[in-house]
Amino acid sequence: DQVKYEAQETMAYEFMSQAFSLYEDEISDSRAQLAAITLIIGTFQQMRCFSEENHDPLRTQCALAAAKLLKKPDQCQGVLTVSHLFWSAYTSANPNSPIRDSKKVVDCLKKA
């Protein structure tokens, strides 16, 4: 994410898409699912190359995946982790100013 190049956002989006594909297709154990979605969310939170157009659907996909975890405590932890994407993640338009969507954060906290 630190080295800029022409197709950076496209490649990063493909990386995230492949991560979700692997998560959905290959991981069936509930603890492994929680660990995987936590890693996906943490990685995504550190990326600053996405435009809002691509960032929003990826945030939503993270939220849906966390909400679909099998065990209720895992769902709670996953949704709480997702809430960080709506408060402290960055987009390419504002790489030095984090997203501050308080409504979405409150929605996540209510679901948890």
Side-chain angles (χ1 to χ4, degrees):
D1 194 38
Q2 298 297 319
V3 178
K4 304 287 185 213
Y5 55 94
E6 189 175 324
Q8 180 179 15
E9 184 175 8
T10 303
M11 290 186 72
Y13 195 89
E14 182 61 26
F15 173 81
M16 293 302 294
S17 296
Q18 291 296 320
F20 275 111
S21 292
L22 287 170
Y23 168 78
E24 292 167 354
D25 297 340
E26 302 296 330
I27 303 172
S28 57
D29 177 66
S30 64
R31 297 307 289 166
Q33 284 181 334
L34 176 61
I37 196 63
T38 301
L39 286 171
I40 290 170
I41 292 166
T43 300
F44 181 47
Q45 184 178 6
Q46 297 302 311
M47 298 174 125
R48 296 176 184 226
C49 62
F50 292 111
S51 64
E52 183 62 33
E53 179 182 321
N54 285 325
H55 205 276
D56 186 52
L58 287 171
R59 281 191 310 251
T60 302
Q61 193 171 7
C62 287
L64 291 173
K68 290 181 183 177
L69 290 168
L70 297 175
K71 296 180 180 176
K72 196 68 170 169
D74 293 346
Q75 286 178 6
C76 181
Q77 187 173 349
V79 171
L80 286 173
T81 304
V82 166
S83 70
H84 292 275
L85 295 177
F86 295 102
W87 191 255
S88 60
Y90 296 85
T91 62
S92 59
N94 292 312
N96 297 317
S97 178
I99 295 168
R100 299 283 194 222
D101 189 343
S102 57
K103 182 182 179 300
K104 291 280 192 176
V105 172
V106 169
D107 288 345
C108 287
L109 295 176
K110 284 180 180 178
K111 287 180 186 176

Separation of L58 CG from F50 CZ (nearest 0.5 Å): 5.5 Å
Please determine whether a side-chain nitrogen of the Lys or Arg among K111 and D107 lies less than 4.0 Å from a carboxylate oxygen of the Asp or Glu. no
With sequence neighbours excluded, give me every ring-ring contact (aromatic ring centres under 6.0 Å, His included) pair touching residues 89-112. none
Distance (rounded to the nearest 0.5 Å) between Q75 CD and S30 OG: 11.0 Å
Can you measure from CZ (R31) to CG (L70) and round to the nearest 0.5 angstrom? 11.5 Å
In terms of hydrophobic clustering (I, L, V, M, F, W, Y; side-chain heavy atoms under 4.5 Å; direct or indirect links), are V79 and I99 co-clustered? no
Please set out all donor-acceptor pairs under 3.5 angstrom arising from side-chain atoms of residues 12-23, sequence neighbours excluded.
unit_1	atom_1	unit_2	atom_2	d
E14	OE2	Q18	NE2	2.8
S17	OG	Y13	O	3.0
S21	OG	S17	O	3.1

Strictly by salt bridge (charged side-chain N to carboxylate O under 4.0 Å, His left out), give each pair with a member in residues 53-68 just once, sequence neighbours left out. E52-R59, D56-R59
Please check if the number of heavy atoms outside R100 that lie under 6.0 Å from its CZ is greater than 12. yes
Do N54 and E9 pair up side chain to side chain, a donor and an acceptor below 3.5 Å, judged on atom types alone? yes
Establish whether L109 and L69 are linked, either directly or via other cluster members, by ILVMFWY side-chain heavy-atom contacts under 4.5 Å. yes
So, taking the atom named CG in L34 and the one named CG in L39, what distance separates them when rounded to the nearest 0.5 Å? 9.5 Å
Gap separating the CE atom of M47 from the OG atom of S92, nearest 0.5 angstrom: 12.0 Å
About how many Å separate CD1 of I37 and SG of C62, when rounded to the nearest 0.5 Å? 5.0 Å
